Amino acid sequence: MLSYAPLEAGLDIWERVGLDRLEIASPHAAQARDSQVTVRHVDGYSVIPALIDRGVIGGFRAPDLMRFGFAQLYARHRDVGRAVQILRDPLITEAWRSARYAVRAQVT
């Protein structure tokens, strides 16, 4: 049986980010959320490429969902923590507001 510990730790960290425009959209029950964390952000479309530029790969689903997967076999607590730290930077500095991140592609 695979451990959900990395995912649990990730959700705990996400909930402590405390940014007013960020909202956890994943189910809180471990059995219901699978191996991903979904976060709402009104400008999520622009946040995702800002994160990709920083090495955190996520996906965007309209209208405002940012999805991040965690491979349970090898995701470590520190990997999740690092991803959250990287996420905080563009959100706090609002680097995602750069015009280059606002350009919409056909596929996200």
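Residues take their numbers from the sequence shown, with the count starting at 1. Predicted model, so just to flag it, every value in this text is computed and none were measured.
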Test of understanding: clusters of I, L, V, M, F, W, Y form through side-chain heavy atoms closer than 4.5 Å, transitively. Do Leu65 and Tyr101 belong to the same one?
no
Check Pro90 against Leu87 and note the closest heavy-atom contact, atom names and distance.
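The answer is CD-O, 3.2 Å.
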Shortest non-hydrogen contact from His41 toward Trp96:
CE1-CZ2, 3.9 Å
Going by side chain to side chain contact (heavy atoms under 4.5 Å, CB included), name the residues that satisfy it together with [X], two or more places apart in sequence or in a different chain.
X	result
Arg82	Ile86
Ile52	Ile48, Ile57
Ala102	Ser46

Counting C-beta onward and ignoring hydrogens, is there a side-chain heavy-atom pair between Leu91 and Val47 closer than 4.5 Å?
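The answer is yes; the side chains approach within 4.5 Å.
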Hey, could you give me the CD/CE distance between Glu23 and Met66, rounded to the nearest 0.5 Å?
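Between atom CD of Glu23 and atom CE of Met66 there are 11.0 Å.
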Once rounded to the nearest 0.5 Å, what's the spacing between atom CZ of Arg61 and atom OG1 of Thr38?
9.5 Å
Any residue meeting salt bridge (charged side-chain N to carboxylate O under 4.0 Å, His left out) with Arg100, in chain and number order, not counting sequence neighbours
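If we apply the salt bridge (charged side-chain N to carboxylate O under 4.0 Å, His left out) test to Arg100, skipping adjacent residues, the hits are Asp53.
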Does the Arg88 side chain pair with the main chain of Val84, one donor and one acceptor, at a distance under 3.5 Å?
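No, the answer is negative, given that no donor and acceptor are paired below the 3.5 Å cut-off.
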